[in-house]
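See structure below.
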Amino acid sequence: MESAAEPVISVRGARATLGSRPVLRGVDLTVERGEVVALLGANGSGKSTAVRSMIGQVPLTGGSVSLFGTELRRFRAWSRVGYVPQRTTATSGVPATVREVVASGRLSHSRLGLPSKRDRAAVRRAIEVVGLADRAKDSVSALSGGQHQRVLIARALAAEPELLIMDEPMAGVDLTSQGVLAGTLREQVAAGTTVLLVLHELGPLEPLIDRAVVLRDGCVVHDGPPPRAVGQHALPGHDHVHPHAADEPLRTGLLT
Ligand SMILES: Nc1ncnc2c1ncn2[C@@H]1O[C@H](COP(=O)(O)OP(=O)(O)OP(=O)(O)O)[C@@H](O)[C@H]1O
C-alpha cells in the first residue's frame, strides 16, 4: 500500500556499467512528492544513465530504484510518469504530425480502447501549454529544434503525469522556446507535479529548483541547495566553484 509520505523516486546504491565502464558507482537519490530536483554534473558524469536507470532503460548491476514506493521491477503505473529523453539531432523518417506525436504520450491511458473525450482534451491542452496549437496539424519534421523539444514535452504532459523526468530540456533550444518551456514547467510545478530535471546548468529554470544533486564520475558529490552561479562563475565554460563547505569549496564543474 502506497503512503503519501513515500518518496516519488528512491534510488539506493545504484550501480550500472555500460560497455566495460562503471558509469554509476553507488548513487543515492531521493525525490519527494512535489519537489523539483535538478541533476547536475559535467559531461559524462552519469546523469542520463541515472535517469534512464530510473525508468528501466538501463539495468542496474547493484542497488535499487523505487517509484511511488514500488520497486521498479514490480512497477506498472507508467501513466503516472512522463519522460522527456535527451533530444537527438536525428530527425524521424516518419512524417508524423505534432498532434500524433503528442497523442502517443496518452496511449498508456487509453490502452486498447479508442481515445476518450478526456484523452483528446488532455492532448489538446498539452499542445496549447507548449504554445503549438497553431502547428498541431503540421509535420514535426517542419519544426525548429526548439519547437521539436516542445512537442516532446507536450507528449510527456499529455499523460498528465504526477512525475516528470526531463533530460536536458533546454539543450539546443532557442530563447523563445526556452521561455515557453520555463513557463510550462512553472505551471506543472504549481499544479503539484514532481519534477526531476537533468541540466547542464540551472539557467532560466533556477528559480524553480528546490534542490540540486551533483554527480561526478558516477558518484553524488553534492545533494542540497542549488549551486548559485555569480559573476565570473556564471560565464559559459567556467568550472564552477561554490562555497558550500567553508573549508573546501565544492567544484561542481557544471559547465565542463
Ligand atoms: N551505450 C554506452 N556504452 C558505453 N558507454 C556509454 C554508453 N552510453 C554512455 N556511455 C558512457 O557513460 C558515461 C556516462 O554517460 P551519460 O550519458 O550518463 O553522462 P551524462 O552525465 O548524461 O553526460 P552528458 O551531459 O554528456 O549527456 C559517459 O562516459 C559515456 O560515454
Indicate if [X] and [Y] have the same hydrophobic cluster label, given that clusters are the connected sets of ILVMFWY residues with side-chain heavy-atom separations under 4.5 angstrom.
X: Leu29; Y: Ile55; result: yes
X: Leu60; Y: Ile165; result: yes
X: Val65; Y: Val213; result: yes
X: Met170; Y: Val84; result: yes
X: Leu18; Y: Met54; result: no

[X] side-chain N/O to [Y] backbone N/O, donor-acceptor pair under 3.5 Å:
X: Thr17; Y: Ser20; value: no
X: Arg106; Y: Ala158; value: yes
X: Glu187; Y: Thr184; value: no
X: Glu128; Y: Ala133; value: no
X: Glu162; Y: Val81; value: no
X: Lys47; Y: Leu199; value: no
X: Arg99; Y: Ala96; value: no

Quick one: [atom1] on [X] to [atom2] on [Y], what's the gap to the nearest 0.5 Å?
X: Asp217; Y: Arg21; atom1: CG; atom2: CZ; answer: 7.0 Å
X: Leu39; Y: His200; atom1: CG; atom2: NE2; answer: 12.5 Å
X: Ile153; Y: His148; atom1: CD1; atom2: NE2; answer: 11.5 Å
X: Ser104; Y: Arg155; atom1: OG; atom2: CZ; answer: 5.0 Å
X: Lys137; Y: Glu100; atom1: NZ; atom2: CD; answer: 12.0 Å
X: Tyr83; Y: Asp167; atom1: OH; atom2: CG; answer: 5.0 Å

Just wondering, do [Y] and [X] contact through their side chains at under 4.5 Å, heavy atoms?
X: Leu157; Y: Val129; value: yes
X: Leu197; Y: Leu205; value: yes
X: Leu72; Y: Leu67; value: yes
X: Thr30; Y: Pro7; value: yes
X: Pro227; Y: Leu40; value: yes
X: Pro22; Y: Arg15; value: no
X: Ser53; Y: Leu24; value: yes
X: Leu163; Y: Ile9; value: yes

- Query: Checking side-chain contact (heavy atoms from CB on, under 4.5 Å) for the pair Val51/Leu196: CA distance, chi angles, key distance, verdict?
  - Reply: CA-CA 9 Å; Val51 294; Leu196 177 64; 3.8 Å; yes

Residues [X] and [Y]: side-chain donor-acceptor under 3.5 angstrom:
X: Thr97; Y: Arg135; value: no
X: Arg150; Y: Ser177; value: yes
X: Gln86; Y: Ser48; value: yes

- Task: In sequence, state the C-alpha distance, the side-chain angles, and the governing distance for Val214 and Val220, and then conclude on side-chain contact (heavy atoms from CB on, under 4.5 Å).
- Result: CA-CA 6 Å; Val214 181; Val220 175; over 6 Å; no

Write down the atom of [X], the atom of [Y], and the distance for their closest heavy-atom approach.
X: Arg211; Y: Ile209; value: O-CG2, 3.2 Å
X: Ala156; Y: Pro161; value: O-CD, 3.3 Å
X: Gly146; Y: Asp174; value: CA-OD1, 3.5 Å
X: Val58; Y: Ala16; value: CG1-CB, 4.0 Å
X: Pro226; Y: Ala212; value: CA-CB, 3.7 Å
X: Gly69; Y: Ser66; value: C-CB, 4.4 Å

- Please step through side-chain contact (heavy atoms from CB on, under 4.5 Å) for the pair Val189 and Thr193, ending with a clear verdict. CA-CA 5 Å; Val189 172; Thr193 310; 6.0 Å; no

- Would you check, one step at a time, whether the test side-chain contact (heavy atoms from CB on, under 4.5 Å) holds for Cys219 with Val27? CA-CA 6 Å; Cys219 295; Val27 170; over 6 Å; no

- Under 4.0 Å between a Lys/Arg side-chain N and an Asp/Glu carboxylate O for Glu160 and Arg118?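 Yes, this pair counts.
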
- Charged N to carboxylate O below 4.0 Å: is that the case for Arg33 and Glu6?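 Salt bridge flag = no for Glu6 with Arg33.
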
